[in-house]
Amino acid sequence: MTKKHPMDTDLDQRIWLTVCAIPAGKLSTYGDIAERAGLPGAARRVGAALRKLPHGSAVPWYRVVNASGKSSLPPGRNGADRQRRLLADEGVLLRSGGVSVLKRYRW
DNA sequence: ATCTTGACAATTG
DNA sequence: GCAATTGCCAAGA
């Protein structure tokens, strides 16, 4: 059969698993997760996959930030603020964001 | 098959 | 440091 490998259709699955591997108290970037998931250069795919996560998922989506060390979510109580809060609960303070935060907590 | 769309990233002014 | 520009890659329509 001309069917593709199972993995090819489960990009999201693979990305989620990778994100789940980020230890609490640390964080990673979309680009790094993509690379670890075997999708180098597909940082945007990571965002797309995380976006599909059902509310209340066990996947620690909030441990993923952009290369600038900031939240890529839209500002607001259900966006960037929420992410900042969840990270703060694990001892990761983005403060004003920045590369320094990454150097400090990057997985 | 073509065009648009993004929770991105590196470069440039 | 911020905004615009360009490159990226896979999903959707």
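Worth knowing before you read on, the calculation uses all heavy atoms, side chains too, and leaves out hydrogens, waters and symmetry mates.
Of the candidate nucleotides C/dA10, B/dA7, B/dC8, B/dA7 has the atom lying nearest to any side-chain atom of A/L73. Closest to the side chain of A/N66, from the set B/dA7, B/dA10, B/dC8, is B/dC8.
Taking atom CG of residue A/L11 and atom C1' of nucleotide C/dC9, one finds them 10 Å apart after rounding to whole Å. Rounded to whole Å, atom C1' of C/dG12 lies 12 Å from atom CZ of A/R51. Residue A/Y30 contributes atom OH, which lies 19 Å from atom P of C/dC9 at whole-angstrom precision. When rounded to the nearest whole Å, the span between CD1 of A/I33 and P of C/dC9 equals 19 Å. Protein atom CG of A/D10 is 14 Å distant from nucleotide atom C1' of C/dA10, rounded to whole Å. Rounding to whole angstrom units, CG of residue A/L50 and C1' of C/dA11 are separated by 15 Å.
Using modelled atom types, one side-chain atom of A/Q83 and one backbone atom of A/V64 make a donor-acceptor pair closer than 3.5 Å. A distance-only check finds a donor-acceptor pair linking the side chain of A/W16 to the backbone of A/A49 [under 3.5 Å]. Of the possible polar contacts, one joining the A/S57 side chain to the A/V59 backbone as a donor-acceptor pair under 3.5 Å is found. Side-chain atoms of A/R82 never come within 3.5 Å of backbone atoms of A/R77 as a donor-acceptor pair (strictly under, hydrogens ignored).
Salt bridge absent: A/R36 and A/D32 never bring a charged side-chain N and a carboxylate O closer than 4.0 Å. Salt bridge annotation for A/R63-A/E90: present, with a cationic side-chain nitrogen under 4.0 angstrom from a carboxylate oxygen.
In DNA chain C, stems built from 3 or more consecutive Watson-Crick or G-U wobble pairs, each with both distances under 3.5 Å, span B:2-6 with C:9-13, B:8-13 with C:2-7.
Among the heavy atoms of the strands, none lies under 4.0 Å from A/A48.
Taking 4.0 angstrom as the limit, A/K70 places a side-chain polar atom (N or O) nearer than this to OP1 or OP2 of C/dC2. Contact between the side-chain N/O atoms of A/R44 and the OP1/OP2 oxygens of B/dC8 is not found at any separation under 4.0 Å.
Counting all heavy atoms, side chain and backbone alike, A/S72 lies closest to A/N66 at OG-ND2, 3.1 Å.
Mapping A/K52 and A/A42 onto DNA chain C by nearest heavy atom places A/A42 closer to the 5' end of the strand.
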